[in-house]
Amino acid sequence: MHSQNHWGGSFEIADGAEDDHSRNMDIDRGALQHQQHHQLDETQQSWLLGPPEAKKKDKYLDLGCVVVKRKLLWWILWAVLGAFVLIGVPIIIAKSIPKKKPHAPPPDKYTEALHKALLFFNAQKSGKLPKNNGIPWRGNSGMNDGSTLPDVKGGLVGGYYDAGDNIKFHFPLAFSMTMLSWSVVEYSEKYKAMGEYDHVRELIKWGTDYLLLTFNSSAPTINKLYSQVGTAKINGSTPDDHYCWNRPEDMAYPRPVQQASSAPDLGGEMAAALAAASIVFRDNPAYSKKLVRGAATVYKFARDSGKRTPYSRANPNIEYYYNSTGYWDEYLWSASWMYYATGNNSYISFATDPRLPKNAKAFFGILDFSVFSWDNKLPGATLLLSRLRMFLNPGYPYEESLMGYHNVTSMNMCMYFPKFNSFNFTKGGLAQFNHGKGQALQYAVANSFLAALYADYMESVNVPGWYCGPNFMTVDDLRSFAKSQLNYILGDNPMKMSYVVGYGKKYPKRLHHRGASTPKNGIKYSCTGGNKWRDAKGSDPHVLTGAMVGGPDKNDKFKDARISYAQNEPTLVGNAGLVAALVAITQSGRGSGVGAVDKNTMFSAVPPMFPNAPPPPASWKP
């Protein structure tokens with residue numbers, strides 16, 4: 001048996017091996033001995049120096065798909081760790097440091113004007129004033145209003161005086177509260193950023209508390225409401241709110257109360273005001289539910305099929321001042337707000353019933369129906385319903401009507417631009433939405449609010465604009481229109497004056513306003529004794545801060561005279577529109593994370609986000 005050689009080749013010895021041995025035997029012994037000593041020296045040397053260094057072999061690591069040197073792998077791992085230390089750790093530290101909120105932009109001129117515009121409502125308050133009302137020349141007034149009414153405990157004390165007289169007109173008062181509430185619902189974060197949130201809510205509550213007194217708001221059904229406190233006969237010769245020129249605190253003449261047993265328009269507007277305010281006060285559930293209950297009651301009264309005569313018809317105490325030309329617009333307006341406030345589908349079913357826009361002539365393309373005002377709510381109502389379609393898109397069975405309202409809203413917006421020649425504009429740029437009549441500014445601000453709001457709606461759903469025929473108009477075009485009207489009012493006009501009292505260096509100083517023009521000097525002037533202050537040529541002894549006057553004529557001319565009520569008298573409606581337009585346009589609040597509009601805030605207060613909202617009374621049907 002032979003052993004094997006695993007390295008290959010044979011273990012056999014060659015035949016020449018013996019000859020080599022023989023030759024070695026012949027070698028000189030001395031030479032051999034010397035060689036051995038030399039070898040010994042090498043051995044000894046190796047003991048001293050150690051063994052000869054063996055060449056190291058590289059070690060490899062098989063990673064499956066690739067084989068790499070282990071040393072290279074270690075270098076890679078150390079490089080990654082180093083990169084993490086140099087780059088990752090600083091990032092982690094930076095992210096762990098609390099971030100400061102981005103600074104809101106500094107207050108712009110619109111914010112400054114808004115602060116002042118809200119103060120006008122403080123100056124117009126009636127009743128027992130709070131100590132912190134902020135208007136030193138005002139005091140308690142109208143404390144006996146409605147005191148003889150048998151069904152109103154405590155009378156109709158409170159509310160707001162409408163304008164430069166001392167009458168409380170409930171129709172424009174209710175509309176003013178709706179406007180203020182709408183602006184808060186959409187722009188609550190802006191109000192907070194400006195420090196006016198609590199203030200504007202207090203002003204709204206002052207108005208809605210009063211409106212709840214004007215009918216039996218705790219009953220499910222009513223058959224009347226009170227529509228006005230105080231009267232003014234045309235060219236009268238007996239003491240009343242126009243014949244006399246007195247501070248509200250000095251009134252000594254009769255103040256009769258007007259009653260309406262039919263008020264589809266006023267009832268609808270009051271329902272809208274209470275419903276809108278109920279959204280504002282969702283953080284106060286008890287008060288919010290009280291407002292909703294009152295809104296449902298007065299809405300039912302307004303919708304009574306047997307009581308469809310406008311509240312002002314054939315009433316000379318109202319008709320000349322705040323005559324209502326219809327009520328179908330209030331039906332659409334109030335139903336929209338009732339739906340947003342309660343989530344009850346019966347309201348939106350009524351608002352989208354094809355018969356309603358037909359009766360309201362919403363789709364008829366009538367020019368004046370495109371102008372938002374205290375008497376025409378159609379543009380506001382169609383915008384509210386467009387909002388529903390843009391943000392919630394409820395679909396069938398509402399889509400057809402909502403799309404119609406959306407289309408009308410877009411067409412209304414087109415009419416705001418001078419290039420389409422729908423309305424005249426003064427040479428200075430003021431829109432003549434009321435065709436050159438008095439109080440032009442209140443129409444300009446109300447419609448500027450709608451323009452700015454619609455721009456924000458579109459921006460919130462990432463829509464850059466819309467078409468006016470072949471012309472594509474952008475959201476910036478709408479905002480530019482709104483800004484142009486506000487800039488005009490704040491001083492960019494041919495008269496180079498501000499039409500908001502107390503704003504700017506030049507503003508009206510001889511207002512058609514009894515309280516501002518009559519000094520608080522301890523003298524109680526008689527009914528006609530106050531005429532000396534009406535006819536005085538000097539500036540008002542009291543500055544009615546924030547009051548927006550009626551405005552210039554169609555030629556941009558303005559007369560700062562107390563007798564000129566069409567130009568120089570402020571109104572609740574005018575200032576409510578001004579406040580709404582200013583808060584919509586101002587940049588204050590946007591830097592604190594607020595979007596175009598407070599979409600989340602709005603829809604946390606409207607269906608389906610408020611499924612627990614109290615429903616209308618069980619007996620109610622649309």
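Here, residue 1 is the first one in the sequence, and each next residue gets the next number.
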Query - Under the salt bridge (Lys or Arg N to Asp or Glu O under 4.0 Å) test, residues paired with D250 that sit two or more places apart - result: R247
Query - Any pair counted as salt bridge (Lys or Arg N to Asp or Glu O under 4.0 Å), so long as it reaches residues 541-569, sequence neighbours left out - result: R510-D560, D540-R562
Query raised in the report: Any side-chain heavy atom of I489 sitting closer than 4.5 Å to one from V500?
Result: yes
Query raised in the report: Strictly by modelled atom types, are T231 and D240 linked by a side-chain donor-acceptor pair under 3.5 Å?
Result: no
Report summary line: residues 411-440 vs salt bridge (Lys or Arg N to Asp or Glu O under 4.0 Å), sequence neighbours excluded, gives none
Query raised in the report: Would you say the side chains of E186 and Y457 form a donor-acceptor pair under 3.5 Å?
Result: yes
Query raised in the report: Does CG belonging to N555 count more than 12 external heavy atoms closer than 6.0 Å?
Result: yes
Query raised in the report: Side chains of N412 and S370: donor-acceptor distance under 3.5 Å anywhere?
Result: no
Query - NZ or CZ of K116 within 45° of Y503 ring axis and under 6.0 Å - result: no
Query raised in the report: Under a 4.5 Å cut-off applied to non-hydrogen side-chain atoms, are V583 and E196 in contact?
Result: no
Query raised in the report: If you look only at pairs with a residue in residues 536-564, which of them pass as a ring pair (Phe, Tyr, Trp, His ring centres under 6.0 Å), with sequence neighbours excluded?
Result: W137-H542, Y499-F558
Query raised in the report: Does D456 use its side chain to pair, donor to acceptor, with the backbone of L453 at less than 3.5 Å?
Result: no
Requested in this report: Using ring-ring contact (aromatic ring centres under 6.0 Å, His included) as the criterion, point out the one residue from Y187, Y340, W333 that pairs with W182.
Outcome: W333
Report summary line: CG of L572 to CG of L180, rounded to nearest 0.5 Å, is 9.0 Å
Requested in this report: Check whether any side-chain heavy atom of V408 lies under 4.5 Å from a side-chain heavy atom of F363, and answer yes or no.
Outcome: yes
**Report entry** ring-ring contact (aromatic ring centres under 6.0 Å, His included) partner of Y322, the single match among W374, F171, Y311
**Finding:** W374
**Report entry** N-O pairing of R514 and D165 below 4.0 Å
**Finding:** no
Report task. Say whether, by atom type as modelled, one donor and one acceptor occur between the side chain of T178 and the main chain of A174 under 3.5 angstrom. Result -> yes
Query - With F120 via ring pair (Phe, Tyr, Trp, His ring centres under 6.0 Å) - residues at least two apart - result: none
Report summary line: Sorted by chain and residue number, the ring pair (Phe, Tyr, Trp, His ring centres under 6.0 Å) partners of Y467 (sequence neighbours excluded) come out as F472
Requested in this report: Please tell me if the side chains of V579 and Y191 come closer than 4.5 Å, counting only heavy atoms from C-beta onward.
Outcome: yes
Query raised in the report: Are F372 and F175 an aromatic pair by the rule of ring centers under 6.0 Å?
Result: yes
Requested in this report: Enter the distance from L582:CG to K190:NZ here, rounded to the nearest 0.5 Å.
Outcome: 10.0 Å
Requested in this report: Apply side-chain hydrogen bond (donor to acceptor under 3.5 Å, both in side chains) to N521 and list each qualifying residue two or more places apart in sequence or on a separate chain.
Outcome: Y525
Requested in this report: Quick one: list whatever passes ring pair (Phe, Tyr, Trp, His ring centres under 6.0 Å) with H512, sequence neighbours left out.
Outcome: W245, Y565
Query - L478 vs F417 side-chain heavy atoms within contact, under 4.5 Å - result: yes
Report task. Using the test ring pair (Phe, Tyr, Trp, His ring centres under 6.0 Å), find all partners of Y243 that sit at least two apart in sequence or belong to another chain. Result -> none
Query raised in the report: Any side-chain donor paired with an acceptor under 3.5 Å for N487 and K109?
Result: yes
Report task. Could you check if a side-chain atom of P172 sits within less than 4.5 angstrom of a side-chain atom of D162, using non-hydrogen atoms only? Result -> yes
Query raised in the report: Is E249 salt-bridged to R138, going by a charged N under 4.0 Å from an acidic O?
Result: yes
Query raised in the report: Looking at residues at least two apart in the chain, or sitting in another chain, which of them share a salt bridge (Lys or Arg N to Asp or Glu O under 4.0 Å) with E112?
Result: none
Query raised in the report: By salt bridge (Lys or Arg N to Asp or Glu O under 4.0 Å), which residues pair with D209, not counting sequence neighbours?
Result: K205
Query raised in the report: How would you list, by chain and number, every residue that makes a salt bridge (Lys or Arg N to Asp or Glu O under 4.0 Å) with K361, sequence neighbours excluded?
Result: none
Requested in this report: Report yes or no: do Y454 and S410 form a side-chain donor-acceptor pair below 3.5 Å?
Outcome: yes
**Report entry** Sub-4.5 Å side-chain heavy-atom contact between M251 and D241
**Finding:** yes
